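First listed ligand is number 1; within each ligand, the first listed atom is number 1. It should be emphasised that the depicted structure is a prediction, and the values quoted were computed from it without experimental measurement. No hydrogens, no waters, no symmetry mates; every other heavy atom, side chains included, goes into these values.
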Amino acid sequence: MGEYLFTTDRLGLRRFRAADAEDFAEILTDEEVSYFEPYDTFAKEDALLEAEKLNGDERFYAVILKETGKLIGKIYFEDKKFFGAYEIGYSFNRKFWGHGYALEAVRGVMDNAFASGVRRIIAEADVRNTRSLKLLERAGMRKEGVYLKSAYFQKDENGEPIWSDYAAYAILNEEWNGSVPG
Ligand SMILES: CC(C)(COP(=O)(O)OP(=O)(O)OC[C@H]1O[C@@H](n2cnc3c(N)ncnc32)[C@H](O)[C@@H]1OP(=O)(O)O)[C@@H](O)C(=O)NCCC(=O)NCCS
């Protein structure tokens with residue numbers, strides 16, 4: 001285990017470090033990755049500073065491909081301070097999409113969290129973000145509803161917000177552990 005907080009088959013999860021700057025910048029500077037994220041695509045010089053900002057931050061996991069040591073993704077996992085709910089989020093390097101790495105990391109975080117007594121995990125995704133919705137469903141999360149026109153990340157040619165509908169998902173500890181009939 002060593003440098004990792006925990007591992008899955010192919011991945012190791014640990015806190016961010018300043019030395020992750022180059023790998024993390026590949027993710028942050030990609031317009032396609034940030035399209036549905038609540039931040040703009042980073043310029044390279046700003047992106048290189050971000051790993052240091054997240055250094056040791058307990059809300060984030062750096063996701064490392066064990067075989068090569070490369071950082072390929074970020075998982076956000078935060079205590080919402082609301083009746084024991086935690087929120088999960090993720091963004092991965094586009095070169096590593098389509099291999100089940102994000103799903104494996106999300107399941108690893110859930111497994112760990114539920115084993116340590118977390119009660120409920122929530123997630124939200126733009127309804128147009130099909131890759132993200134598929135991931136949430138594959139991870140066993142339940143759709144709880146859709147928030148209509150709840151946020152915007154782009155504006156139209158007149159500078160008007162293009163409003164996004166957001167799907168809300170959740171999973172309870174007892175669902176993960178199989179005591180609630182699915
Ligand atoms: C959301 C995101 C993390 C999903 O990445 P992803 O690689 O598609 O997700 P998964 O890890 O679930 O991989 C699933 C794909 O890998 C394939 N796959 C290949 N090998 C696999 C394996 N061993 N296990 C599971 N799936 C595997 C699956 O068939 C699936 O392909 P499909 O989507 O064509 O059906 C990624 O698109 C991303 O970073 N997006 C930008 C950031 C973002 O929008 N974040 C969410 C905001 S709410």
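- At the top of the distance list for atom 16 (O) of ligand 1, counting protein heavy atoms only, stands Gly98 C, 2.9 Å.
- The distance criterion of under 3.5 Å between nitrogen or oxygen atoms is not met by Ser132 with respect to ligand 1.
- Checked against a 6.0 Å centroid threshold, the rings of Phe24 and Phe16 count as neighbours.
- Proximity to Glu124 (heavy-atom distance under 4.0 Å) selects the following atoms of ligand 1: 48 (S).
- Those atoms of ligand 1 with a heavy atom of Ala125 less than 4.0 angstrom away are 48 (S).
- Residues in residues 47-74 take part in these ring-ring contact (aromatic ring centres under 6.0 Å, His included) pairs, two or more places apart or across chains: Phe6-Tyr61, Phe60-Tyr76.
- By the 4.5 Å heavy-atom criterion applied to side chains, Met110 and Ile171 are counted as neighbours.
- For atom 24 (N) of ligand 1, the closest non-hydrogen atom of the protein is Gly100 CA, 3.8 Å.
- Note: no N/O pair closer than 3.5 Å links Leu135 and ligand 1 by distance alone.
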Decide yes or no on side-chain contact (heavy atoms from CB on, under 4.5 Å) for Leu5 and Asn112, but give the supporting numbers first.
-> CA-CA 10 Å; Leu5 294 166; Asn112 228 43; 6.0 Å; no

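- Contact annotation: for Asp126 versus ligand 1, there are no heavy atoms closer than 4.0 Å.
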What's the verdict on side-chain contact (heavy atoms from CB on, under 4.5 Å) for Glu67 and Arg10, showing C-alpha distance, side-chain angles and the deciding distance?
-> CA-CA 7 Å; Glu67 199 180 316; Arg10 298 173 292 176; over 6 Å; no

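- Side-chain contact check for Thr41 and Glu31: no donor-acceptor pair (N or O, by modelled atom type) lies under 3.5 Å.
- If you look at Arg10 next to ligand 1, the close heavy atoms, those under 4.0 Å, all belong to the side chain.
- Ionic pairing of Lys95 and Glu26 is present here: one or more N-O contacts between side-chain nitrogen and carboxylate oxygen are shorter than 4.0 angstrom.
- Within the structure, the ring-ring contact (aromatic ring centres under 6.0 Å, His included) test picks out the following pairs touching residues 94-128 (sequence neighbours left out): His99-Tyr101, Phe114-Trp176.
- Among the atoms of Phe36, none of the N or O lies under 3.5 angstrom from an N or O of ligand 1.
- Between the side chains of Arg128 and Ser164, at least one donor N or O lies within less than 3.5 Å of an accepting N or O.
- Put simply, the side chain of Tyr90 does not reach to within 4.5 Å of the side chain of Val63, judged on heavy atoms.
- Atoms of ligand 1 lying under 4.0 Å from at least one heavy atom of Trp97, given by number and element, are 7 (O), 36 (C), 37 (O), 38 (C), 39 (O), 40 (N), 41 (C).
- Interface atoms of ligand 1 facing Tyr101, defined by a heavy-atom separation under 4.0 Å, are 11 (O).
- When only non-hydrogen protein atoms are considered, atom 45 (N) of ligand 1 lies nearest to Tyr90 O, 2.8 Å.
- If you look at Glu37 next to ligand 1, the close heavy atoms, those under 4.0 Å, all belong to the side chain.
- Closest to atom 35 (O) of ligand 1, if we only count protein heavy atoms, is Arg138 NH2, 2.8 Å.
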Please walk me through it: do Val106 and Ile75 pass side-chain contact (heavy atoms from CB on, under 4.5 Å)?
-> CA-CA 7 Å; Val106 164; Ile75 299 270; 3.8 Å; yes

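- Looking at atom 39 (O) of ligand 1, its nearest protein heavy atom turns out to be Phe92 N, 2.8 Å.
- Considering both main-chain and side-chain atoms, Arg131 comes within under 3.5 Å of ligand 1 through a nitrogen or oxygen pair.
- Protein heavy atom at the shortest distance from atom 12 (O) of ligand 1 is Leu103 CB, 3.5 Å.
- Among protein heavy atoms, atom 33 (O) of ligand 1 sits closest to Lys134 NZ, 3.1 Å.
- Closest protein heavy atom to atom 21 (C) of ligand 1: His99 O, 3.2 Å.
- Between Arg120 and Glu144 there is a salt bridge, with a side-chain nitrogen of the basic residue lying less than 4.0 Å from a carboxylate oxygen of the acidic one.
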